[in-house]
Chemist: 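For reference, the structure I am asking about is given below.
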Protein chains: 2
Amino acid sequence: MQCPATTTATRGRPREFDPEDALATALRIFWQRGYEGASLAELTEAMGITKPSLYACFGNKEALFRKALDLYEREKLCYVSSALEAPTARGVAERLLHGALATHCGDNDPQGCLGVISSVACGSEAESIRKEVIARRASSERALVDRLERARAEGDLSEDSDPEALATYLTTVMQGLSVKAGAGTSRETLERIVATTLACWPSK
Amino acid sequence: MQCPATTTATRGRPREFDPEDALATALRIFWQRGYEGASLAELTEAMGITKPSLYACFGNKEALFRKALDLYEREKLCYVSSALEAPTARGVAERLLHGALATHCGDNDPQGCLGVISSVACGSEAESIRKEVIARRASSERALVDRLERARAEGDLSEDSDPEALATYLTTVMQGLSVKAGAGTSRETLERIVATTLACWPSK
DNA sequence: TGCAATATATACCGATCAGTATAGAAAGTA
DNA sequence: TACTTTCTATACTGATCGGTATATATTGCA
């Protein structure tokens with residue numbers, strides 16, 4: 001089967017492509033098109049492999065998407081967990097917003113957030129994909145709530161503030177940023193949105 | 001051809017369906033599925049008409065979508081223009097956010113914003129749809145910028161505030177709300193997000 | 001060298017996509 | 001009643017969808 005990490009000598013004809021490279025390419029296509037918008041024809045052409053190779057290596061389209069989503073969270077959403085390590089609530093907000101900016105409006109990657117794209121779109125067939133993306137997002141949002149509750153306990157968020165409300169508010173802004181980024185809003189405008197959000201943020 | 005308003009006596013066999021009802025149904029389907037996610041099979045079944053009837057009355061799928069989008073803006077986004085008539089900048093923000101809440105998280109309509117759904121998703125064929133939706137949104141955002149500039153001129157927004165930045169910030173929150181609504185976030189949570197946003201809003 | 005194992009290339013599958021050709025049904029007009 | 005006009009119902013088009021069967025090519029091992 002597939003062994004992306006260990007390059008153990010196997011029998012049979014060796015694979016002619018690098019599964020990690022191919023997966024990174026698939027991620028890029030899914031990121032541009034969404035799950036349903038990415039056809040197997042476009043995927044296989046971009047990855048430089050044929051459909052049987054794709055199915056042998058990754059299972060099927062849905063399994064490929066989940067692996068791409070894993071890669072996305074591992075490599076592109078790492079700013080989230082590192083943001084939670086900021087010393088203050090304001091620092092967390094700053095790192096989250098600037099991280100979102102860098103990740104979803106960079107020059108080298110598609111614009112917008114794969115999670116937002118996949119949860120908003122599309123038809124009925126992709127329902128299980130949608131649910132999975134929403135579930136993953138919920139767990140990372142819970143971590144943010146916990147962090148802000150800690151901030152309130154530590155005093156850098158005022159006693160009468162609502163950590164849960166602030167957390168969902170913050171992710172709302174981040175998701176709005178992704179929508180705008182995907183719609184082609186300029187980076188400069190997005191930076192002003194982040195600045196405005198931080199200017200409103202109710203803590204030091 | 002089609003004459004939805006005037007019921008002039010025409011020759012030939014009379015149409016057996018009400019184009020306005022059919023269009024309202026089509027809007028609901030597009031709203032649930034997005035442009036590409038809504039198949040003609042699902043559309044015609046929900047509308048209770050056959051494909052030839054749909055094509056004779058509405059042109060094609062894209063034209064039907066544009067007509068549905070017109071209806072959507074006319075009936076569902078009217079809260080935007082009425083919000084701009086609020087006496088103060090804070091009143092504008094309040095009405096916009098509560099209007100978005102009522103429209104995108106109501107019990108009778110699909111969750112989320114048709115514009116966000118259509119601009120975020122999907123494949124490459126719907127590119128012209130995407131562009132159209134983005135353009136329509138831009139023009140309504142311009143109206144909000146104008147309104148906030150007036151607010152600054154009138155003094156209910158401080159001299160050193162940035163109306164353009166505040167306007168895009170506000171629409172960012174609204175689009176984030178739509179993403180969350182489409183993902184199934186509870187109305188109560190969304191109301192807390194609105195309350196949090198207004199608590200942060202930098203004007204009386 | 002021959003065999004088992006794995007990968008590739010080609011061509012195909014049934015289902016669905018948006019869109020249409022054709023024929024019949026229902027109205028006004030003469 | 002005959003005729004024109006318009007709508008509806010059925011069946012179809014070529015293209016594309018995700019997925020696969022088959023045959024061939026390339027390796028390790030015996």
Chemist: From CD of B:E62 over to C1' of C:dG19, roughly how many Å is that when rounded to an integer?
Modeler: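 Answer to the nearest Å: 14 Å.
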Chemist: Considering only nitrogen or oxygen atoms on both sides, find all protein atoms under 3.5 Å from nucleotides 20-25 of chain C and state each distance.
Modeler:
{"from": "C:dA25", "atom 1": "N3", "to": "B:R13", "atom 2": "NH1", "distance (Å)": "3.3"}

Chemist: Are A:R74 and A:Y72 in a cation-pi setup, meaning NZ or CZ lies under 6.0 angstrom from the ring centre and within 45 degrees of the ring axis?
Modeler: no
Chemist: With a 4.0 Å limit, can you tell me whether A:S53 has a side-chain N or O closer than that to the phosphate oxygens OP1/OP2 of C:dT8?
Modeler: yes
Chemist: Toward the 5' end of DNA chain D, which comes first, B:G12 or A:A41, by nearest nucleotide?
Modeler: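 Taking each residue's closest nucleotide, the earlier one in sequence belongs to B:G12.
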Chemist: Using whole Å, report how far CZ of A:R11 lies from P of C:dG2.
Modeler: 18 Å
Chemist: Is the terminal nitrogen or CZ of A:K61 (NZ for Lys, CZ for Arg) located under 6.0 angstrom from the six-membered ring centre of A:Y35 and within 45° of that ring's axis?
Modeler: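 Cation-pi check for A:K61 and A:Y35: passes.
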Chemist: Measure the angle between the two terminal helix axes of the helix from C:dT1-D:dA30 to C:dA30-D:dT1, five base pairs each, and quote it to 10°.
Modeler: 20°
Chemist: Which atoms form the tightest heavy-atom contact between B:L157 and B:P202, and what is the distance?
Modeler: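 Result for this residue pair: CD1-O, 4.4 Å.
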Chemist: Atom CZ of A:R15 to atom P of C:dA9: distance rounded to whole Å?
Modeler: 13 Å
Chemist: Regarding A:S128 and A:E62, is there a side-chain donor-to-acceptor distance under 3.5 Å anywhere?
Modeler: yes
Chemist: Round to the nearest Å and state the distance from A:E36 atom CD to D:dT16 atom C1'.
Modeler: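 For the pair A:E36 CD and D:dT16 C1', the rounded distance is 14 Å.
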Chemist: What is the distance, rounded to the nearest whole Å, between atom CG of A:L54 and atom C1' of D:dC17?
Modeler: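 Result: 15 Å.
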Chemist: Quick one: A:E45 CD to D:dC17 P, roughly how many Å, whole number?
Modeler: 11 Å
Chemist: So does B:S39 get a side-chain nitrogen or oxygen closer than 4.0 Å to the phosphate oxygens (OP1/OP2) of C:dC17?
Modeler: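 So the side-chain polar atoms of B:S39 do come within 4.0 Å of the phosphate oxygens OP1 or OP2 of C:dC17, strictly under.
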Chemist: Tell me the interatomic distance from B:L64, atom CG, to C:dG19, atom P, rounded to whole angstroms.
Modeler: 10 Å
Chemist: Are B:Q111 and B:H104 close enough that some pair of their side-chain heavy atoms sits under 4.5 Å apart?
Modeler: no
Chemist: Determine the minimum heavy-atom distance between A:L43 and A:F30, stating which atoms define it.
Modeler: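 It is CD1-CZ, 3.8 Å.
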Chemist: With the side chain of A:K61 defined as its heavy atoms from C-beta on, choose the nearest nucleotide among D:dT26, D:dG18, C:dG28.
Modeler: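 From the listed options, D:dG18 comes nearest.
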Chemist: To the nearest angstrom, how far is A:I49 atom CD1 from C:dT10 atom C1'?
Modeler: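 These atoms are roughly 16 Å apart.
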Chemist: I need the minimum non-hydrogen distance between B:A46 and B:I29, along with the two atoms involved.
Modeler: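 Nearest pair, atom of B:A46 first, then B:I29: CB-CD1, 3.7 Å.
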Chemist: Output side-chain donor-acceptor pairs under 3.5 Å for residues 78-86 of chain A, partner residues at least two apart or in another chain, one line each.
Modeler:
{"from": "A:S81", "atom 1": "OG", "to": "A:C78", "atom 2": "O", "distance (Å)": "3.1"}
{"from": "A:S82", "atom 1": "OG", "to": "A:Y79", "atom 2": "O", "distance (Å)": "3.4"}

Chemist: Give, for atom CG of B:L177 and atom OG1 of B:T171, the distance between the pair rounded to the nearest 0.5 Å.
Modeler: 11.5 Å
Chemist: Checking contacts here: which listed nucleotide (C:dT8, D:dT8, C:dG19) is nearest the side-chain heavy atoms of A:E16?
Modeler: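 The listed nucleotide nearest to A:E16's side chain is C:dT8.
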